[in-house]
Amino acid sequence: MANHTLHHLAFLPHPSGLQVPGFSLSSSSSDFPFVPTESSSIMGQLSSIITVGEHSPTWWAIGVLIVSLAVKITITLINGYRTRRLMPPSPPGLPLLGNVFQLPQFQWHRFTEWKAQYGDLFSLNLAGQPVIVVNSIDVATDLFDKRSTIYSDRPPFIMASEILTGGIFIAFSKYGELWRKLRRAAHEGFNVRACEDYQPLQEKESARLVNHMLEEPDNWDDHLKRSAASTVLCATYGWLPLGKEGDPLVETINNLMHRLVQACLPGAFLVEIFPSMKHLPTWMAKWKRDGLEYHRKDSIMFEGFMNDAKDKKEKGTLEPCFAGTLIEDEKKYALTKKEAAWLAGTVFGAGAETTAAALSVFMLSMTLYPEVMKKAQAQIDAVVGRDRMPTFADREELPYITAIVKELHRWRPVGPLGLPRRTMKDDWYNGYFIPAGTLVIANCWAMNRDPKLFPDFEEFRPERYLDASGKLLEPIAGTHLQGHVTYGFGRRICVGMNLANQALFIDIASMLWATSIERALDSDGRPVIPSRTDCLDEGLVVRPVPFQCVIKPRGANVPSLVQSTMQ
Ligand code: HEM
């Protein structure tokens, strides 16, 4: 299986085809034939557009396309130069190419350095493409929340958003009528109240996760991935929990996500530079033919899942789940069968890897901060006791666990730059001009480390969310009750955050009730301390590099209690 997954914020297409913020070109390739192959190179695509059957490419046509490309780039550059002078301050860059070569692999670090120099809002020029980077919660609130009609769109990804997903992938959808319908349905399926229905499933799933951890402690990361996928699948389709070996369908859906990431990589498809190419007939454009074929197959898969849910509903055997809500309220949401099927399928894709990565941040924090683990275990033992596993009914009494969930999102956000937005019209902010079509990056990493809000921000310290008596503090303004900004902002804030918060709460409470997570020892018996900072950018998520730790049961009766909770 490809190990390249969809990064929530790795989608900044750029007409130049150069690397831009949020893109990682270091990820390994997958079975998706488009990106690394010859036919996906600009020249490869040029020749495939005009190659019909066995005939060779017509070179004069290539010439015309190259000239058009040059004209387009020149116009973009001239316009960009005029507007850039009015835009927020910008680090100096190269003539024409701007800041393109100043962006290292983990751009959030560079952006945070630039924040110190240029302030809460700065701009970049990526070879003519205007970009602004938002670095404070106040500016994010002003733009994403208060001016949501301008700042709620996503950048256009023709291949990923229009062809591969037929325009129905909610996370990429244009800010318009279809997105509103999808969002409303998703909100009703995953709001705080709706998520309560999924709690019994999540409790059982957490016991299953702990059981796997106890049986095969060295494979803890695989267990986290399986468990997160299982939680989201149960909530989406009411499926039975996945077994230890997982399910090939999870891989199929993850592969779709990989295709989307790869389709967003700069230079992957010429159609992103020449949008009118999307109207080419399929017999002239192999890339389009292939993309539509993927879309057809994925649609069959997702519609099959929905039909299965419908059958179960008719027989009265469907567990409470998002697919059930979509079927029940079909008329209310006014979604076509295909739209409903894609909504359910892609919600799974957006939720599984993100939740798993957040759980691995938890494992890292416990390995680095044993005193936090001991404090959490003391609270769990006092509230839950040692004769049963924690449940959601204990949540109010376990504020330290809720604080750990908030702190792990703040400390190591799995999407340090969120998902990019795009301005829908010209705007002025604090005297600066922000033209329509500007890419907007939310530097969540810097916001979660604002020293005014989070002194000692480098430390993992759940106490920052608690008062002196250990109760949860009022949430920080502008964080949508979260205390951090890792779920994003405004109208496009993560629609699955309640489900993710529930999964993280119950999984963490259960793991800490059942196990101790300790440092591994090297051959000389010295503790191996994992890196605090090394991370992997996997496309969809940024996660800690793999590390070793030791997982031990907290008492002889733990395995049997866990197994009885699983039933
Ligand atoms: C650790 C867990 C998660 C994190 C950190 C996370 C983070 C995010 C972020 C940053 C965004 C973009 C928000 C913005 O543009 O302001 C987003 C969007 C989204 N998330 Fe999540 N997410 C998580 C889990 C989930 C889960 C469990 C689901 C599904 C059940 C989900 C479904 C979605 C969807 C559908 C969108 C697109 C929303 C839209 O564009 O309207 N996410 N998420």
Side-chain angles (χ1 to χ4, degrees), residues 6-11 22 134 140-141 143-145 148 151-155 161 165 168-176 178-187 189-191 194-195 198 202 224 228-237 253 257 321-323 342-362 405-406 408-422 440-445 447-448 479-480 482 484-505 507-508 540-543:
L6 179 70
H7 187 322
H8 256 136
L9 52 93
F11 308 111
V134 177
T141 307
L143 301 185
F144 299 125
D145 293 351
S148 58
Y151 290 87
S152 295
D153 201 12
R154 298 276 188 221
S161 164
T165 59
I168 324 177
F169 182 26
I170 176 174
F172 285 1
S173 282
K174 302 294 297 165
Y175 182 64
L178 175 61
W179 172 79
R180 269 188 207 92
K181 287 198 295 176
L182 295 168
R183 179 79 196 195
R184 179 174 174 219
H187 173 74
F190 294 104
N191 63 31
C195 282
Y198 311 137
Q202 289 185 308
L224 297 180
S230 183
T231 298
V232 187
L233 275 177
C234 291
T236 308
Y237 294 114
I253 303 175
M257 292 295 152
C321 64
F322 180 45
W342 268 84
L343 177 59
T346 47
V347 153
F348 166 78
E353 295 276 339
T354 42
T355 309
L359 283 169
S360 68
V361 171
F362 160 73
V405 174
K406 290 177 185 297
L408 71 87
H409 279 313
R410 184 202 68 78
W411 186 60
R412 294 286 181 269
V414 300
L417 300 178
L419 256 184
R421 308 279 185 94
R422 181 176 189 263
V440 187
I441 300 171
N443 185 0
C444 302
W445 177 266
M447 294 183 220
N448 283 343
T479 64
H480 298 265
Q482 301 304 305
H484 56 82
V485 294
T486 300
Y487 288 121
F489 310 87
R491 296 192 188 180
R492 294 203 86 144
I493 195 167
C494 174
V495 81
M497 66 181 179
N498 301 308
L499 188 74
N501 280 341
Q502 281 189 183
L504 293 169
F505 168 80
D507 288 351
I508 289 172
L540 170 61
V541 289
V542 176
R543 49 162 56 236

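Each ligand, and each atom within it, is numbered from 1 in the order the structure gives.
Judged by the shortest distance from any of its heavy atoms, W179 lies inside the 4.0 Å radius around the atoms of ligand 1. For M497, the heavy-atom gap to ligand 1 stays at 4.0 angstrom or more. Residue contacts with ligand 1: R421 is included, with a non-hydrogen atom under 4.0 Å away.
For the residue pair S148 and R491, a side-chain donor N or O sits within less than 3.5 Å of a side-chain acceptor on the partner.
Side chain of T236 to main chain of F348: no donor-acceptor pair is present (N/O by atom type, distance under 3.5 Å, no hydrogens or angles). A distance-only check finds a donor-acceptor pair linking the side chain of Y237 to the backbone of G345 [under 3.5 Å]. Without hydrogens or angle criteria, R183 side chain to I170 main chain gives no donor-acceptor distance under 3.5 Å. Without hydrogens or angle criteria, D145 side chain to G490 main chain gives a donor-acceptor distance under 3.5 Å. In terms of modelled atom types and a separation under 3.5 Å, the side chain of K174 and the main chain of W179 share no donor-acceptor contact. Side chain of D153 to backbone of Y175: a donor-acceptor contact under 3.5 angstrom is found. When atom types are taken as modelled, the side chain of R410 and the backbone of N448 share a donor-acceptor pair closer than 3.5 angstrom.
When non-hydrogen atoms are compared, ligand 1 lies under 4.0 Å from the side chain of R154 (C-beta onward) but not from its backbone.
Shown in contact with L499 at under 4.0 Å from a heavy atom are these atoms of ligand 1, numbered in order with element: 30 (C). If you number the atoms of ligand 1 from 1 as listed, the ones under 4.0 Å from a heavy atom of V347 come out as 29 (C), 30 (C). Remark: ligand 1 atoms within the under-4.0 Å shell around heavy atoms of A171 are 37 (C), 40 (O). Counting the atoms of ligand 1 from 1 in the order shown, those under 4.0 Å from a heavy atom of T486 are 5 (C), 7 (C), 10 (C). If you number the atoms of ligand 1 from 1 as listed, the ones under 4.0 Å from a heavy atom of H409 come out as 1 (C). Distances below 4.0 Å separate heavy atoms of V414 from the following atoms of ligand 1: 5 (C). Numbered from 1 in the order shown, with element, the atoms of ligand 1 that lie under 4.0 Å from a heavy atom of A350 read 25 (C), 32 (C), 33 (C), 42 (N). Below 4.0 Å from some heavy atom of T354 lie the following atoms of ligand 1, by number and element: 1 (C), 2 (C), 3 (C), 23 (C), 24 (C), 25 (C).
With sequence neighbours excluded, the residues that form a side-chain contact (heavy atoms from CB on, under 4.5 Å) with T165 are F169, L260, W342. Residues satisfying the side-chain contact (heavy atoms from CB on, under 4.5 Å) criterion with T479, sequence neighbours excluded, are I137, P475, I476, V485.
Taking only nitrogen or oxygen atoms, main chain and side chain alike, R183 reaches within less than 3.5 Å of ligand 1. The shortest N or O to N or O distance between Y487 and ligand 1 is not below 3.5 Å. Between F489 and ligand 1, at least one N/O pair is under 3.5 Å apart. Residue contacts with ligand 1: T355 is placed with no nitrogen or oxygen under 3.5 Å of a nitrogen or oxygen of the ligand (distance criterion only). Any N or O atom pair closer than 3.5 Å counts here, and R492 shares at least one such pair with ligand 1.
With distances taken over non-hydrogen atoms, the option nearest atom 25 (C) of ligand 1 out of C195, A358, C494 is C494. Scanning P420, A500, G351, A140 for the heavy atom closest to atom 26 (C) of ligand 1 points to G351.
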Checking R492 against S173 for the side-chain contact (heavy atoms from CB on, under 4.5 Å) test, could you report, in this order, the C-alpha distance in whole Å, the side-chain angles of both residues, the deciding distance, and whether it holds?
CA-CA 11 Å; R492 294 203 86 144; S173 282; 4.1 Å; yes

Could you walk me through whether R421 and F489 pass the side-chain contact (heavy atoms from CB on, under 4.5 Å) test, one step at a time?
CA-CA 11 Å; R421 308 279 185 94; F489 310 87; 4.2 Å; yes

